[in-house]
Amino acid sequence: MQLLEIQSSVRQERSVSRTLLSKFIYQWQSFHPEAQHQLRDLGQQPPALITSDWVAANLTPLPDQTEETKALLVESDTLIAELFEADCIVLGVPMYNFGIPANLKAYFDNIIRVGRTVEYNRDTATFNGLLTGKKALIISSRTGSYAPGTPAGAMDFCVPYLQFILNFLGIQDVEYVEVPYQGMGGEMQQQATETAIARLMELAKTW
Ligand SMILES: Cc1cc2nc3c(=O)[nH]c(=O)nc-3n(C[C@H](O)[C@H](O)[C@H](O)COP(=O)(O)O)c2cc1C
């Protein structure tokens with residue numbers, strides 16, 4: 001069993017998503033002592049933004065690949081191999097400007113490749129995700145609260161996007177724990193944090 005931890009907060013110190021994800025993993029590992037653990041820290045080491053040359057390299061059929069095109073795809077190949085090795089994927093994702101951090105978007109641009117992580121069916125004009133048999137957990141910290149169904153919920157372009165993109169990749173089993181009111185201080189922040197931790201500790205038993 002392989003656990004892939006993906007961190008995307010640019011903060012190392014005082015990061016809520018990092019702290020809660022670590023707490024979850026620590027608890028989860030006590031139920032899965034045999035599990036291997038791999039960290040992909042996008043906040044600390046953001047993947048390169050894709051470029052025109054990268055897109056061209058990605059579209060080059062395998063027999064026509066050169067040393068240059070292969071070199072452009074090395075980082076993407078590494079990230080994809082790591083994802084295929086994982087059985088369980090946990091993502092720490094702060095909301096930045098109503099969406100995901102740019103480093104995480106760069107990550108998805110690197111790993112979503114036709115023929116590698118998704119298949120395209122020309123007859124039906126549909127995509128088929130190839131990362132099947134995996135599950136994911138999203139822990140998203142934010143200053144507001146964006147519960148689905150509330151007016152603020154419509155402003156959350158972070159978690160609905162993540163849920164969609166993970167499904168698109170073939171990961172259908174996606175859990176989500178919101179950590180709202182972060183940075184507000186006081187009772188509200190404390191209560192929201194405690195609620196999220198309690199939910200994560202419960203989830204660690206069954207996930
Ligand atoms: C650049 C930036 C943009 C942010 N945008 C939002 C936002 O749109 N909505 C929100 O509720 N919180 C927003 N926040 C607050 C963070 O989501 C919140 O501080 C969260 O705890 C950050 O995660 P971290 O503690 O793991 O770093 C933003 C914070 C930063 C640094």
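Remember, predicted model here, so these are calculated numbers, not experimental data. Indexing begins at 1, ligand by ligand and atom by atom, following the structure's order.
Among all non-hydrogen protein atoms, the one lying nearest atom 5 (N) of ligand 1 is N97 N, 2.8 Å. Considering only non-hydrogen protein atoms, atom 8 (O) of ligand 1 sits nearest to F98 N, 2.9 Å. Among all protein heavy atoms, the one lying closest to atom 29 (C) of ligand 1 is Y96 CD2, 3.9 Å. Scanning the protein heavy atoms around atom 22 (C) of ligand 1, the nearest turns out to be P94 CB, 3.5 Å. Summary of contacts: the protein heavy atom closest to atom 26 (O) of ligand 1 is S17 OG, 2.5 Å.
Ring-plane geometry between Y146 and F98 is classed as perpendicular, the angle between the planes exceeding 60 degrees on a 0 to 90 degree scale with a lower cut at 30.
Proximity of M95 to ligand 1, defined as any heavy-atom pair under 4.0 Å, is shared by backbone and side chain alike. At a heavy-atom cutoff of 4.0 Å, ligand 1 is contacted by both the backbone and the side chain of S15.
Near Q182, with a cut-off below 4.0 Å to any heavy atom, the atoms of ligand 1 are 21 (O). Here is the list of ligand 1 atoms found below 4.0 Å of a heavy atom in G144: 10 (C), 11 (O). The contact set between ligand 1 and S9, taken as ligand atoms under 4.0 Å from a residue heavy atom, comprises 24 (P), 26 (O), 27 (O).
Partner of I100 under the side-chain contact (heavy atoms from CB on, under 4.5 Å) criterion, out of I138, L91, V159, L162: L162 alone.
An N or O contact shorter than 3.5 Å links S141 to ligand 1 by distance. Any N or O atom pair closer than 3.5 Å counts here, and T143 shares at least one such pair with ligand 1.
Of all the listed residues (F157, Y181, Y146), Y146 holds the heavy atom that lies closest to atom 10 (C) of ligand 1.
Residue K205 comes nearest to F31 through the heavy atom pair CG-CZ, 3.6 Å, listed as atom of the first residue, atom of the second, then distance. Contact record, M95 with M155: CE-O, 4.4 Å, taken as the closest heavy-atom pair. The heavy-atom pair separating T117 from I111 by the smallest distance is OG1-O, 2.6 Å.
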Applying side-chain contact (heavy atoms from CB on, under 4.5 Å) to L104 and Y161, what does each step give before you reach the verdict? CA-CA 12 Å; L104 188 53; Y161 170 76; over 6 Å; no
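Taking a cutoff of 4.0 Å between a charged side-chain nitrogen and a carboxylate oxygen, R199 and E178 do not qualify as a salt bridge.
Remark: the E5 side chain and the Q7 side chain contain an N/O donor-acceptor pair separated by less than 3.5 Å.
In this structure, the side chains of L166 and I89 stay at 4.5 Å or more apart for every pair of heavy atoms.
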